[in-house]
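Notes follow once the structure below has been shown.
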Amino acid sequence: MRNQEVAAAQAYVRLLEATRAVLADPADAPLYMPLLASPIEEADEALRRAGLSGNEDRLFALVRALRPSLSGSGR
C-alpha cells in the first residue's frame with residue numbers, strides 16, 4: 001500500500017465518520033451538513049492524488065485493510 005493510497009483511505013474514513021455524526025440526529029442534520037464540505041474536499045483530493053478516483057473497488061479494499069470493522073461484517 002502506497003502512502004498516497006493510505007492517505008486516501010484515511011480521508012474516506014474521516015468523511016464516513018463525519019457523515020455518520022452529521023446524520024446521527026436527523027433534526028439537526030441540516031444545520032451540520034455544511035461541515036461536511038471540508039472532509040469531502042479532503043477525500044476528493046486524496047483520491048485524485050492516489051489515482052483512486054473512479055476505482056471504488058481498490059479504495060474499499062484499502063479501507064477494509066485499514067479498518068476491517070467498516071466492512072459491514074461486524075454489524
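The structure displayed is predicted, hence computed values, not measured ones.
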Open item on the list: What's the separation between atom CE in Met33 and atom CG in Asp28, rounded to the nearest 0.5 Å?
Closed with: 12.5 Å
Open item on the list: Is there a path of hydrophobic side-chain contacts, each under 4.5 Å between heavy atoms, that joins Val22 and Ile40?
Closed with: yes
TODO: May I ask whether Leu52 and Val13 are part of the same hydrophobic cluster, defined by side-chain heavy atoms of I, L, V, M, F, W, Y residues being less than 4.5 angstrom apart, directly or through others?
DONE: yes
Open item on the list: Measuring from atom CZ of Arg67 to atom OH of Tyr12, what distance do you get when rounded to the nearest 0.5 angstrom?
Closed with: 11.5 Å
Task: More than 12 heavy atoms from other groups under 6.0 Å of CG on Asn3 - done: no
Open item on the list: Less than 4.5 Å apart, side chain to side chain, heavy atoms only: is that true for Leu66 and Leu62?
Closed with: no
Task: Minimal non-hydrogen separation, Ala46 against Ala11, with atom names - done: CB-CB, 4.0 Å
- [ ] Give a yes or no on whether the backbone of Ala50 and the side-chain of Arg2 come within a donor-acceptor separation of less than 3.5 Å.
- [x] yes
Open item on the list: Minimum heavy-atom separation for Ala18 and Pro39, please, with both atom names.
Closed with: CB-CG, 4.2 Å
Task: Glu41, CD: over 12 other non-hydrogen atoms inside 6.0 angstrom - done: no
Task: Nearest non-hydrogen partners of Arg49 and Gln4, listed with the distance - done: O-OE1, 3.1 Å
Task: Pro30 to Pro34 - nearest heavy-atom pair and separation - done: O-CD, 3.7 Å
Open item on the list: Test salt bridge (Lys or Arg N to Asp or Glu O under 4.0 Å) on Glu45 and Arg48; report intermediate values, then the result.
Closed with: CA-CA 5 Å; Glu45 179 63 22; Arg48 187 193 60 71; 2.4 Å; yes
- [ ] Flag yes if Leu16 and Leu23 sit in one hydrophobic cluster, no otherwise; membership is Ile, Leu, Val, Met, Phe, Trp, Tyr, and two members link when side-chain heavy atoms are under 4.5 Å apart.
- [x] no
Open item on the list: Do Leu47 and Val63 sit in one hydrophobic cluster, given that two such residues count as connected whenever their side-chain heavy atoms are within less than 4.5 Å of each other, even indirectly?
Closed with: yes
